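I have placed the structure first, in the form of structure tokens, so that the comments after it can refer back to it.
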Number of protein chains: 2
Amino acid sequence: MLYDHGRPVKGEFVSTAQPEGGGQSLLRLINSVAVLSALRESGPATLTDLARATGLSRPTVEAAVDELVEQGWAAEHEPRGGRRVGRPARRFAFRADSGHVLGIDVGAHRVLGVLSELDGTTVRTAEARVDPHLDPEARLAEVRDVATRCLTAAGVDRSTVMAVAVGCPGIIAPDGTVTLSTVIPGWVDFPLARKLARSFACPVLVDNDANLAALAERDYGIARDVDDLIHLLIGRRIGVGLVLGGRVHRGYGGAAGEIGLLDFTTWEQSRQLLLGPATGDTTAARDHEVTERLLQRARAGEPDAVGIVDEFCAVLARQAIAMTLTVDPQLIVLGGGLADAADLLLPRLREHIAERCVRPPELAASTVGPEAVALGAVRLALGAADEALRQQAGART
Amino acid sequence: MLYDHGRPVKGEFVSTAQPEGGGQSLLRLINSVAVLSALRESGPATLTDLARATGLSRPTVEAAVDELVEQGWAAEHEPRGGRRVGRPARRFAFRADSGHVLGIDVGAHRVLGVLSELDGTTVRTAEARVDPHLDPEARLAEVRDVATRCLTAAGVDRSTVMAVAVGCPGIIAPDGTVTLSTVIPGWVDFPLARKLARSFACPVLVDNDANLAALAERDYGIARDVDDLIHLLIGRRIGVGLVLGGRVHRGYGGAAGEIGLLDFTTWEQSRQLLLGPATGDTTAARDHEVTERLLQRARAGEPDAVGIVDEFCAVLARQAIAMTLTVDPQLIVLGGGLADAADLLLPRLREHIAERCVRPPELAASTVGPEAVALGAVRLALGAADEALRQQAGART
């Protein structure tokens, strides 16, 4: 598991396969995991349902289910009333509330936390506006505070949190250290995952925010079932998240998608004309209003505003073209605050890309909205929780 | 399985998991595959060795081994002589000669075939020089002929071939049709996989040659254990193969790595100055000599030759930079004929890339040599044979 800190989430699964008598235990583990996985995908199910879904025998399923109930991962439902003669079939369901995960979006101006059950249901959110110039430890304290507020408001015990994932701008090293960030420069070389892990007894993962937005788009948004995807997360700054072959692609040093460096000076100029400085003394609200007015004037056809939008799209398209020629995505998603300007941006980008690419991808605006990064973090944390769950199942068999 | 034509290589595995009694059969299949996989990775092994490697019980391993011997996938070895008292332990080995695969490199001027056993050992190679203007059917006939010559010379029956993989320049659609090729324009829209599959009773796969060179580099060359890799296959033309997250990345429409289109005109000019036209009436030998002389003059410091090499590297670096910023590879490999000019090219490329990339990758020359594409094709075919093997094991249990 990449970007993992805290207790190991892999290894236990493998180490149960001991030479002496390990075969039996490995098979029991495989069966438990198969049944649990079937339970999570179905609604309440009978033993017969589960035998059908897993291809296992009914006695094997029954033993696995009893073990899962004992461990708190499944619960027996009340039998359905009906006209049947004899004892009704026992029905079981996955207990989504048997554990929780936290997803946290840390931006320059905002920290957003989402507490979720193991089936992805949101239990609670909490938000804090933060000063973009906050020092690293103070910003970390805000993150801790948002997490605690989610848990307290929901009445959820911290010990039930099985994984925490944080998204933030910049390049994140495989150990969860921020190695480069123009948006939160104070966090460069800050061992974010390791520090935050002190507040939790579970794995803490850190990932680039655009990667997480791409994950969210694939789970909840316009990119459903898309395995090759580029997500452009455009707010005051631009981040690029890549999903390739169905998995987030971070690159060897976490620096995938740093395409803004391709024509850095030109890009900075055209970006700032439209979006304002990436960091600075302006508040989030003021920046946003300036950009909004400019976009409105472009919609009205005012030549100077149209020129800024044209130039912005030309430079952004050049980056999209370079990435498209490299990885041939099915879809490019325009996300972040500028998704609202898709009417202006997408037709221009489409034209540039079609001119230069032998197989132009589809282009679409994000449909997930401003919680995309936090929801992607929830998704990443759910994956880590799955591993932990497998581990716990393994440790008991 | 991508790029697959011929009989299906997946599906049987899944369909053995029938609701009624399927659990037992599925477990037997899993055991067979686990034992076979352990046998392939080890040398000759005893039942105790195999039980240790798989975590299965000794009786389960014994049943699986007997089945594998009956099916021809494993053979019992003579017991080792020694000082032990009592019956010596039975030893078994994977029969690599129980099946074969064919890897074929189809270029504009050459067709190269490699016949290999299931452990990757080369049994025979065959080569044909071909006219770059050959029509599609005639070129296909050359491919068939090279395959037949491999088999005949080795005395290997065609029915033992479990998979065939072909590498050729251009964009290959998921169904094995060549959709774009500047090098072999006659093959555009040619259903290569489907046509070639008529000569074989096994899966026939087609892939881009640079993708296969990247695979070979990872298995046999400088890129061992590298999961994020860009392979520049430079001969008269340039192909780019990507391995991302340990897997070949082809893109949604097979068009990944078509970075030559980024600055197409500039690229064509600087490429032709160094390498001559990608196709044309010149023979392979003549092109190669012209390039060789030019490289020698650059090594001697002759300004016009140095200028051509400088310009070529500047444009190629721009493509490498765009790809690096997109996917952040660990390593870029310079392969194909120009790998011999690594002394001239690599230092120049390194400098350009370090200037622009926040995390510059390592650069190295290929160490596999001119058989890279064919060996990569063997590797791809071995993967397909593995699937077929799993299927056959499944069908018998």
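Nothing here was measured: the structure is a model prediction, and the numbers come from that model. Both backbone and side-chain heavy atoms feed into the values below; hydrogens, waters and symmetry mates do not. Throughout, a chain's letter reflects where its sequence line sits, starting with A, and its residues are numbered from 1.
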- Query: Do you know which of B:Cys357, B:Ala255, B:Ala322, B:Gly260 has the most heavy-atom pairs under 4.5 Å to chain A?
  - Reply: B:Ala255
- Note on the structure: Among B:Thr48, B:Ile259, B:Val61, the residue with the most heavy-atom pairs under 4.5 Å to chain A is B:Ile259
- Note on the structure: If one checks every heavy atom of A:Val327 against chain B at 4.5 Å, the contacting part turns out to be both
- Residue part contacting chain B, namely of A:Leu180, when any heavy atom lies under 4.5 Å: side chain
- Hey, is the main chain of A:Gly251 close enough, under 3.5 Å, to the side chain of B:Arg359 for a donor-acceptor pair? no
- Message: Tell me whether the count of non-hydrogen atoms from other residues, nucleotides or ligands lying under 6.0 Å of CZ in A:Phe190 goes above 12.
- Response: yes
- Query: Which of the residues A:Arg58, A:Gln319, A:Arg356 is involved in the greatest number of heavy-atom pairs with chain B at under 4.5 angstrom?
  - Reply: A:Arg356
- Could you list the residues that satisfy side chain to side chain contact (heavy atoms under 4.5 Å, CB included) with B:Asp227, not counting sequence neighbours? B:Arg218
Does any backbone or side-chain atom of [X] lie under 4.5 Å from a heavy atom of chain A? Answer side chain, backbone, both or neither.
X        : result
B:Ile171 : side chain
B:Asp228 : side chain
B:Asp263 : both
B:Leu242 : side chain
B:Val358 : both

- Query: Any idea which heavy atoms bring A:Leu244 and B:His249 closest together, and the distance?
  - Reply: CD2-CE1, 3.7 Å
- Item | Candidate pair B:Asp328 and A:Glu258, rule side-chain contact (heavy atoms from CB on, under 4.5 Å), full reasoning | CA-CA 8 Å; B:Asp328 184 23; A:Glu258 292 298 320; over 6 Å; no
- How long is the span from the CE atom in A:Met323 to the CG atom in B:Leu325, to the nearest 0.5 Å? 10.0 Å
- Interatomic spacing from OG1 in A:Thr326 to CD1 in B:Ile230 - rounded to 0.5 Å: 7.0 Å
